[in-house]
Engineer: 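Here it is, the structure in full.
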Amino acid sequence: MDWILYLKAVILGIVEGLTEFLPVSSTGHLIVFGSLLDYTGQEADTFYIAIQAGAIVAVCWYYRERILKICKGLFTEPTQQKVAWNTIIAFLPAAVIGVMVAKYIKEWLFNPVSVAAALVIGGIIILIVERYQDKKSYTPRVATMDDMSWKDALKVGFLQCLAMIPGTSRSGATIIGGLVIGLSRTAATEFSFFLAIPTIFGATVYELWQSRDILSADSLPVISIGFVVSFFSALVVVRWLLHYVARHDFSAFGWYRIFFGGVILVTWMTGLVKW
């Protein structure tokens with residue numbers, strides 16, 4: 001048994017669960033930490049995508065009552081139908097565009113330097129948006145996820161496509177983007193969680209199918225460990241983040257992104273770390 005490999009799976013599972021729903025880019029962190037742990041290549045890239053499903057199962061568990069309510073009211077309750085349709089509408093842009101560009105993104109952008117640049121740029125955008133929000137005395141146009149229109153959902157869906165660039169952050173693009181188009185912090189955060197369910201499940205199934213030739217039975221224990229660890233760590237983050245956004249803005253994450261991305265770029269430029 002390769003205990004070192006399993007330890008790497010545990011560490012990366014923790015990283016995935018802690019970062020998936022924060023606006024700091026889970027994929028970016030996995031690429032950076034994977035590089036530091038010397039776990040790279042096609043199989044590693046597939047592992048990064050596959051263990052995201054563990055984090056999504058955590059969301060499904062946290063929102064199990066609401067998801068069950070939506071399923072029960074899918075044909076009878078307008079509010080539940082609206083949430084379901086909005087989630088599907090928002091999912092479509094990433095589903096279509098993702099299939100078209102996934103190969104090129106993995107080939108050219110799955111590296112720590114590209115991630116660092118995206119982290120810094122995203123952090124600056126978060127700070128700009130939050131500063132603008134602080135200067136505006138207004139009530140958000142959309143108070144809850146149930147109040148979103150299909151146009152709001154479609155806009156969030158296209159914003160989610162930006163997260164195909166590693167380091168951008170899917171949750172960052174959808175939550176911060178949601179604030180820009182008029183969603184409240186709670187509405188943007190909760191819809192980001194719901195949108196993650198079809199998006200990441202779909203990406204996981206697609207990636208596993210595309211990588212079926214390089215995966216083997218030996219890969220299953222490593223992926224399983226990462227999946228379970230990411231589930232439990234993500235469950236903690238989901239609970240914490242919903243309480244956090246009720247009282248704070250996202251400026252702290254913006255500064256963190258700039259710092260983390262800056263450290264990567266400095267170590268790369270100075271040659272301290274061979275990224």
Side-chain angles (χ1 to χ4, degrees), residues 15-33 55 90 93-94 105 109 111-143 145 148 152 155-193 195-196 199 234 236-270 275:
V15 171
E16 161 60 25
L18 293 180
T19 58
E20 178 60 49
F21 301 108
L22 302 180
V24 296
S25 178
S26 62
T27 301
H29 278 72
L30 287 173
I31 291 171
V32 171
F33 278 87
I105 288 175
L109 298 178
N111 61 79
V113 176
S114 296
V115 167
L119 282 169
V120 172
I121 293 170
I124 293 172
I125 291 174
I126 289 175
L127 294 178
I128 292 172
V129 170
E130 288 296 2
R131 185 168 184 177
Y132 177 64
Q133 292 280 324
D134 286 342
K135 288 184 176 181
K136 289 178 64 178
S137 299
Y138 82 112
T139 301
R141 179 175 55 82
V142 180
M145 180 174 67
M148 291 176 61
D152 293 324
K155 291 175 183 177
V156 173
F158 278 109
L159 287 165
Q160 181 175 239
C161 293
L162 296 173
M164 294 176 190
I165 303 171
T168 301
S169 172
R170 191 205 62 79
S171 58
T174 52
I175 295 174
I176 301 302
L179 296 180
V180 172
I181 68 172
L183 306 187
S184 69
R185 294 183 188 279
T186 300
T189 303
E190 289 192 337
F191 190 67
S192 177
F193 288 167
L195 180 54
T199 301
V236 173
V237 170
V238 169
R239 294 175 184 274
W240 174 81
L241 185 59
L242 286 172
H243 289 291
Y244 181 88
V245 298
R247 300 174 178 84
H248 305 85
D249 64 20
F250 293 100
S251 296
F253 298 113
W255 287 115
Y256 168 78
R257 289 175 63 107
I258 293 170
F259 172 77
F260 186 45
V263 168
I264 297 170
L265 289 174
V266 169
T267 56
W268 170 64
M269 289 186 292
T270 58
W275 297 111

Engineer: Give every donor-acceptor pair under 3.5 Å between a side-chain atom in residues 15-24 and any protein atom, sequence neighbours left out.
Structural biologist:
{"residue": "Thr19", "atom": "OG1", "partner": "Val15", "partner atom": "O", "Å": "2.6"}
{"residue": "Glu20", "atom": "OE1", "partner": "Ser26", "partner atom": "OG", "Å": "2.9"}

Engineer: Can you see which heavy atom on Ser25 is nearest to which on Pro166, and at what distance?
Structural biologist: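 So the two residues come closest at OG-C, 4.3 Å.
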
Engineer: Measuring from Ile258:CD1 to Leu265:CG, what's the distance to the nearest 0.5 Å?
Structural biologist: 11.5 Å

Engineer: Could you check whether any side-chain heavy atom of Met164 comes within less than 4.5 Å of a side-chain heavy atom of Leu109, counting everything from C-beta outward?
Structural biologist: no

Engineer: Which heavy atom of Gly261 sits nearest a heavy atom of Ala116, and at what distance?
Structural biologist: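 Heavy atoms of Gly261 and Ala116 come nearest at O-CB, 3.5 Å.
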
Engineer: Hey, mind stepping through Glu190 and Leu242 against side chain to side chain contact (heavy atoms under 4.5 Å, CB included) and telling me if it holds?
Structural biologist: CA-CA 8 Å; Glu190 289 192 337; Leu242 286 172; 4.0 Å; yes

Engineer: Got a donor-acceptor contact below 3.5 angstrom from the Ser192 side chain to the Ala188 backbone?
Structural biologist: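 The answer is no, because no donor-acceptor pair under 3.5 Å joins these two groups.
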
Engineer: Can you measure from CH2 (Trp268) to CG (Asn111) and round to the nearest 0.5 angstrom?
Structural biologist: 9.5 Å

Engineer: Considering non-hydrogen atoms only, spot the tightest contact between Ser169 and Arg257 and give its length.
Structural biologist: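 Residues Ser169 and Arg257, closest heavy atoms: CB-NH1, 3.5 Å.
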
Engineer: How about Met145 and Leu183: do any of their side-chain heavy atoms sit closer than 4.5 Å?
Structural biologist: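 When only atoms from C-beta onward are counted, Leu183 and Met145 do not touch, as no gap falls below 4.5 Å.
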
Engineer: Looking at Ile181, is its backbone amide N or carbonyl O close enough to the side chain of Arg141 to form a donor-acceptor pair, meaning the two atoms are under 3.5 Å apart?
Structural biologist: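 Side chain of Arg141 to backbone of Ile181, a donor-acceptor pair under 3.5 Å: yes, one is there.
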
Engineer: Do Ile175 and Val245 make a side-chain contact, defined as non-hydrogen atoms from C-beta onward lying under 4.5 Å apart?
Structural biologist: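 No, side chains not in contact.
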
Engineer: So Phe260 and Val32, do their side chains get closer than 4.5 Å, heavy atoms only?
Structural biologist: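 Yes, at least one pair of side-chain atoms sits under 4.5 Å.
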
Engineer: Return the minimal non-hydrogen interatomic distance between Ser184 and Ala187, and the atom names on each side.
Structural biologist: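 Closest approach of Ser184 to Ala187, heavy atoms only: OG-N, 3.1 Å.
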
Engineer: My understanding is that only residues two or more places apart in sequence, or in another chain, count here; which of them pass side-chain hydrogen bond (donor to acceptor under 3.5 Å, both in side chains) with Thr27?
Structural biologist: Gln52

Engineer: Would you say the side chain of Thr189 lies within less than 4.5 Å of the side chain of Phe250, judging by non-hydrogen atoms?
Structural biologist: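 Sidechains of Thr189 and Phe250: in contact.
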
Engineer: Show me, pair by pair, the donor-acceptor contacts under 3.5 angstrom made by side chains of residues 117-124, not counting sequence neighbours?
Structural biologist:
none

Engineer: Take a 6.0 Å sphere around CH2 of Trp255 and say whether it holds more than 12 heavy atoms from other residues, nucleotides or ligands.
Structural biologist: no

Engineer: Closest approach of Leu159 and Gly178, non-hydrogen atoms and distance?
Structural biologist: CD1-N, 4.4 Å

Engineer: Give the ring-plane orientation class for Tyr244 versus His248, where under 30° counts as parallel, over 60° as perpendicular and anything between as tilted.
Structural biologist: parallel

Engineer: Carefully, step by step, assess Asp152 and Phe191 under the rule side chain to side chain contact (heavy atoms under 4.5 Å, CB included).
Structural biologist: CA-CA 11 Å; Asp152 293 324; Phe191 190 67; over 6 Å; no

Engineer: For the residue pair Leu195 and Thr199, what are the closest heavy atoms and their distance?
Structural biologist: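 Closest heavy-atom pair between Leu195 and Thr199: O-OG1, 2.8 Å.
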
Engineer: Atom CD1 in Ile176, atom CD1 in Ile125: separation rounded to 0.5 Å?
Structural biologist: 10.0 Å

